[in-house]
Amino acid sequence: MSEASPLGGGQGGELKWQRLSPWAVLLLLLSGSASLLRQHMPLVLGAGAGLALVERLGLRELALGGVVLLILAVLISLLYYRRFRYCCDGDVLIVQKGLLEHREFKVAARHVQSIVIRQPGYMRPFGLVLWEVETLAGEASRIALPGIRRERAEVLERELRPPDGRRRPTKPRPGATSESSPADEMQAVPRFVIGAKAIVLHGLASRSIYLIAAMLSPLVRPLERWLHDRLPQLDFEAWMPGSPLLAVAVGLLAVVILLALLAILAAWWRFHGFVLLDAGERQIQRSGLFHRQEQTLSLARLQVVEWVQTGLGRLLGRGYLVCHQYGALGGDAGESRRFMVPGLSEAQGEALTAHFWQGSAGSGYFKPGRFTGHAGSGQLLRRVDPSYRRVLFLRYLLLLAGGAALVLGLLIPLELSWPAWGGLAAGLPLLAAVLAHWRWIATGWAQEGDFLRVRRGVVGQRTGIFPMHHLISLRLQQSWLQRRRGVATLHLELANGRQTLPYLKEDDARHLADTLLFTAECAQPV
C-alpha cells in the first residue's frame with residue numbers, strides 16, 4: 001500500500017481508523033425500513049392482516065407504536081454507527097462493528113474475489129456509496145461498508161486489488177505513445193455497451209416476468225374482493241365481449257401485457273446505462289437507472305461461465321451470461337448478486353465467453369472457434385443415453401397425474417363427463433412425452449481441449465463452460481436400473497456448485513471421469 005494512502009496507519013505504526021459518514025445513520029434507517037417493507041408488505045396486504053390490525057387497534061395506537069419503533073430504530077442506528085470503524089493495515093482491510101457483540105473482521109488483498117459499489121437514489125444527494133467486498137469463501141463472507149464517500153471507495157478498491165502479475169494489457173488508445181505509464185496501459189476500455197432494444201428484449205426474455213408474477217400473487221385476493229364489490233356497480237356490457245371464453249382470453253392477454261411491461265421497466269431500472277469495461281485481469285460493469293451499481297470480476301477467480309436462455313429468449317435470440325466465482329452457488333437463487341452481462345445475442349455471448357476465458361490465468365489455450373452456437377449446436381454436443389428420456393417420461397407422467405388428481409379431486413372438485421376424462425387420460429401421457437423429449441434433447445455435453453461444456457434445461461437452457469482443472473471432486477453413481485442399462489451419472493463438484501451429467505454410457509462416464517481427475521491432478525502445484 002502507498003504511504004500516502006489516507007486509509008493506512010499513522011505514525012509509529014498506529015492504525016488510522018476511519019468511520020462511516022454521519023449521513024450513514026439516516027441511510028441505515030432508510031435501507032432497513034425499505035428492506036422490511038419489501039419483505040413483508042405483500043404478505044400483509046395479501047392476507048388482509050393490515051386492515052384487520054387497523055380495525056382492532058385504531059389509527060392512534062398504530063401511529064404511537066410507529067413512533068416508538070422509529071425512535072428505537074434511530075437509537076439502534078446511532079449505536080451501530082458509533083461502533084463501526086475500519087482501516088487498512090498494509091494490504092489488509094480491518095473492520096470492527098457490532099451492537100451487543102463487538103466483532104473484528106480482517107480481509108487480505110490476496111483473498112479478495114470481487115468488489116461491488118452500489119449507490120441507491122437516496123444516497124446520491126449525499127455523495128455516498130455502499131461498498132462491499134467478497135472473499136474466496138463466497139457470499140457468506142461478504143463485508144459491507146454502508147455509507148462512505150465515493151473517493152474512499154475508489155481508494156479501497158485500489159488497495160485491495162488482488163496482486164496478480166498476469167494481467168493482460170488492453171489495446172492502446174489512439175494517439176498513445178510508447179512511453180505511456182503502466183496506469184495508462186491498464187486503463188479500462190469498453191467491451192460491451194447495452195442499447196435500448198437490448199434492454200427491452202432482455203426484460204421480455206429474462207426470468208423477471210415470473211418473479212414479478214410471484215411477487216404480485218399475494219395481491220390477487222384483495223383485487224378479487226375489490227372487483228367483486230365494484231363490478232356490479234359498473235356497466236361493462238357496452239364494451240365487454242359477449243363470449244365468456246373471449247372475455248377470459250382478453251383478461252389473460254391484459255395480464256400478460258402488464259407483466260411484460262413491468263419486466264421491461266425492471267430491466268430498465270437495473271440495466272440502464274450498462275457498460276462492461278475491460279481492465280485486463282479485472283472486468284468492471286456499471287449499470288442502474290436510479291440505483292447505480294459497479295461490480296468487479298477477477299478473471300483469476302473465475303470458475304464457470306454460464307450462458308442462460310429462457311424459452312422466450314430462444315425465440316428472440318437473446319440470453320445473458322452469468323460468471324460464477326468461488327462460493328457463488330449455481331441455479332436461479334441469488335442470480336442478481338453474481339456478475340451478469342444481459343441482453344446478448346448468441347454471437348455476442350460466444351465472443352464474451354471466449355474473452356473471459358482467454359483473460360483468465362492459465363486459460364490461454366481456450367479456442368473460441370470450437371465453441372460455436374451456445375443454444376443449438378446439437379452437432380457439437382454429445383447427447384446422453386435414450387434411457388434417460390424414458391425415465392423422465394415416467395417421472396413427468398406420475399407428477400402430472402398426481403397434480404391433476406389433487407386439483408380435480410380436492411382443490412377444484414369437478415364432475416367431468418366420460419369423454420372429458422378420456423381426453424385427460426390421453427393428454428397427460430402426451431404432455432409427459434413432449435416434456436421428456438425436450439429435456440432429453442436439451443441435455444448434452446462436449447469436451448473441447450481442456451474445457452468441458454454442460455447443457456441442461458427443458459424449454460429454457462443453461463450451458464456451463466469451465467476448465468476441467470477447476471474440478472474439486474467427482475462422484476460416479478449407478479442405480480440398479482442404470483447398471484442393467486450400462487449407464488452412469490457423473491456429479492462434478494466445482495468451487496461454485498455442482499454440475500451433473502446424467503445417464504452417460506458407462507465407458508464414456510469412466511473415461512471422462514479419468515480425464516477430469518488426471519487434468520485436475522496435473523494442474524495442482526508441486
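Quick note: numbers below take in every heavy atom, side chains included, and nothing from hydrogens, waters or symmetry partners. Just so it is clear, the model here is predicted, and its values are computed rather than measured.
- Contact check for Thr135 versus Phe105: no side-chain heavy atoms found under the 4.5 Å cut-off.
- Of the residues listed (Thr443, Leu392, Val487, Leu490), the one engaging Tyr503 in a side chain to side chain contact (heavy atoms under 4.5 Å, CB included) is Val487, and it is the only one.
- Residues Gln18 and Arg152 bring a donor and an acceptor atom of their side chains to less than 3.5 Å of each other.
- The closest side-chain donor-acceptor pair between Thr489 and Gln482 falls under 3.5 angstrom.
- Other residues, nucleotides and ligands place no more than 12 heavy atoms under 6.0 Å from the NE2 atom of His511.
- Atoms NE2 and CG, on His469 and Leu517 in that order, are 14.5 Å from each other to the nearest 0.5 Å.
- Qualifying side-chain contact (heavy atoms from CB on, under 4.5 Å) partners for Ala433, counting only residues two or more places apart in sequence or in other chains: Phe393.
- Side-chain N/O atoms of Arg483 and Gln478 include no donor and acceptor closer than 3.5 Å.
- Under 4.0 Å is where a charged nitrogen must lie from a carboxylate oxygen, and between Arg453 and Glu448 no such pair does.
- More than 12 heavy atoms of other residues, nucleotides or ligands sit less than 6.0 Å from atom CZ of Arg389.
- Residues Glu157 and Arg282 are paired through a salt bridge, judged by an N-O separation under 4.0 Å between the basic side chain and the carboxylate.
- Using a 4.5 Å heavy-atom threshold, the side chains of Val304 and Gln499 count as touching.
- Distance check, rounded to the nearest 0.5 Å: NE2 of His355 to CD of Gln283 gives 3.5 Å.
- With Gln285 as reference, Phe339 is the one residue of Phe192, Phe271, Phe339 to meet the side chain to side chain contact (heavy atoms under 4.5 Å, CB included) rule.
- Under the 4.0 Å criterion applied to side-chain N and carboxylate O atoms, Arg456 and Glu306 are assigned as salt-bridge partners.
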